[in-house]
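Below, chains carry the letters A, B, ... as their sequence lines are ordered, and counting in each starts from 1.
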2 protein chains.
Amino acid sequence: MLDECKALSNGTRLRILDWLKDPAANFPCDDGAGPGVCAGLIQHKAGASASTVSAHLAILQRAGFLQATRRGQWVYYRRDEARIRAFTEALQRNL
Amino acid sequence: MLDECKALSNGTRLRILDWLKDPAANFPCDDGAGPGVCAGLIQHKAGASASTVSAHLAILQRAGFLQATRRGQWVYYRRDEARIRAFTEALQRNL
DNA sequence: TCGGTATTTCGCTGAATCCCGAAATTACCC
DNA sequence: GGGTAATTTCGGGATTCAGCGAAATACCGA
C-alpha cells in the first residue's frame with residue numbers, strides 16, 4: 001500500500017501511467033499491438049534524461065503497475081491492468 | 001490526484017487514517033460520539049512529537065481526507081468519508 | 001489579567017527523493 | 001571480434017520531506 005502510493009506520488013510517473021493507457025494515441029510510432037511501448041519513446045515524451053526515466057519506470061514496475069518485456073535491444077513497458085485494478089479496489093476497501 | 005497520493009505516501013499518515021476509522025477502538029478515551037479525536041490523543045498514539053504529528057494532520061487535511069473542528073483548546077480530527085470515497089472512485093476511473 | 005494546557009508555527013538537521021551525465025551492460029549487425 | 005544503439009547502473013549535487021525542540025498562538029478558568 002505504502003510503496004504503491006509512493007510510486008504514484010510523482011507527476012512524471014502518473015503521466016507515464018496515463019500515456020500507457022492508450023499507446024497508439026500517445027506514441028504514434030507504436031501500433032498498440034506489440035508488447036508495449038519501448039523505453040526510449042517514453043523517455044523522449046517525458047522530456048527527461050534516459051537515466052531519470054529509467055528510474056521512474058523501475059519504480060512503477062516494482063510497485064506492480066508496469067510489466068517489462070525485453071525484446072532484443074529494446075525493453076517494452078505496458079500497464080499491468082490486473083494489478084492496477086487490484087490496487088484501486090484494495091484502496092477502496094481499506095482506505 | 002498528485003497531492004492526495006503524496007499525502008498517502010507516508011506510513012504514519014496511513015496509520016492515522018486507519019485509526020480514525022474506529023475512534024472508540026483506537027482511542028479509549030474517546031466515545032466515538034464527539035466531533036472526532038483530539039490532536040493530543042493522535043500525537044500520543046503515533047509516538048512522535050506534537051509538532052511532527054501536527055504537520056501530518058495538516059497534510060491530511062489539505063489533501064481533503066480529514067476535517068478539523070476546534071472546540072475550546074482542543075482541535076478534533078475526523079475522516080471526511082465523502083471525500084475519501086470520491087478520491088478512491090476517481091482513482092478507479094482515472095488510474 | 002495571569003497561569004496553565006493544547007496546538008501550531010518556526011528554525012534547524014539528517015534522510016529521502018529527483019535529476020543529470022558518465023560509465024557499464026546488453027544485444028544487434030557487419 | 002569491433003562498432004553501434006538501447007537501456008540500466010553509478011556517483012554527484014539540488015530539492016523536498018521528516019523529525020525535533022523552542023517559541024508563538026489560542027483558549028480556558030481562577
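- The structure places CD1 of I84(A) at 9.0 Å from CG of L60(A), a figure rounded to the nearest 0.5 Å.
- Residue A50(B) is in base contact, counting any heavy-atom pair closer than 4.0 Å across all strands shown.
- In summary, D3(B) and K6(B) do not engage in a salt bridge, as defined by a charged side-chain N under 4.0 Å from a carboxylate O.
- Distances shorter than 4.0 Å separate none of the side-chain N or O atoms of R70(A) from OP1 or OP2 on dT8(D).
- Comparing dA6(C), dT7(D), dC10(D) by their nearest atom to the side chain of S51(A) picks out dC10(D).
- As rounded to whole Å, 11 Å separates atom P of dA18(D) from atom CG of L14(B).
- Contact check, H56(A) against dC19(C): a side-chain N or O comes under 4.0 Å of OP1 or OP2.
- Put simply, CG on L57(B) is 13 Å from P on dA18(D), counting in whole angstrom units.
- A donor-acceptor distance shorter than 3.5 angstrom exists from the side chain of E4(B) to the backbone of M1(B), with no hydrogens or angles considered.
- The NE2-C1' distance, from H44(B) to dT5(C), rounds to 16 Å in whole Å.
- A sub-4.0 Å separation between OP1 or OP2 of dC18(C) and a side-chain N or O of T52(A) is absent.
- Contact between the side-chain N/O atoms of R71(B) and the OP1/OP2 oxygens of dC27(D) is not found at any separation under 4.0 Å.
- Among the heavy atoms of the strands lying under 4.0 Å from A48(A) are primed sugar atoms or P, OP1, OP2 only; no base atom is included.
- Atoms CD (Q43(B)) and C1' (dT7(C)) sit 7 Å apart, rounded to a whole Å.
- With respect to the salt-bridge test (charged N to carboxylate O, under 4.0 angstrom), the residues K21(B) and D18(B) qualify.
- The CG atom of D3(B) sits 14 Å away from the C1' atom of dC17(D) (whole-angstrom rounding).
- Look at NZ on K6(A): it is 10 Å from P on dC18(C), rounded to the nearest Å.
- Side chain of C38(A), nearest nucleotide from dT8(C), dA27(C), dT7(D): dT7(D).
- Separating the CD1 atom of I16(A) from the P atom of dC18(C) is a distance of 12 Å, rounded to the nearest angstrom.
- Under 4.0 angstrom from either OP1 or OP2 of dA18(D) there lies at least one side-chain N or O belonging to N10(B).
- By the criterion of side-chain heavy atoms lying less than 4.5 angstrom apart, applied directly or through intervening Ile, Leu, Val, Met, Phe, Trp or Tyr residues, L14(B) is grouped together with F27(B) in one hydrophobic cluster.
- Taking a 6.0 Å sphere around CZ of R78(A), one finds it holds more than 12 heavy atoms contributed by other residues, nucleotides or ligands.
- Phosphate proximity of dT8(C) to Y77(B): present, with a side-chain N or O under 4.0 Å from OP1 or OP2.
- In the set dA22(C), dG19(D), dT8(C), dT8(C) carries the atom at the smallest distance from any side-chain atom of A39(B).
- In this structure, I59(A) places its CD1 atom 8 Å from P of dT17(C), rounding to the nearest Å.
- Side-chain atoms of R13(B) lie closest to dA18(D) of the nucleotides dA6(C), dA18(D), dT8(D).
- Listed nucleotides dC28(D), dC20(C), dT8(C) differ in distance to Q73(B); the shortest reach to its side chain belongs to dC28(D).
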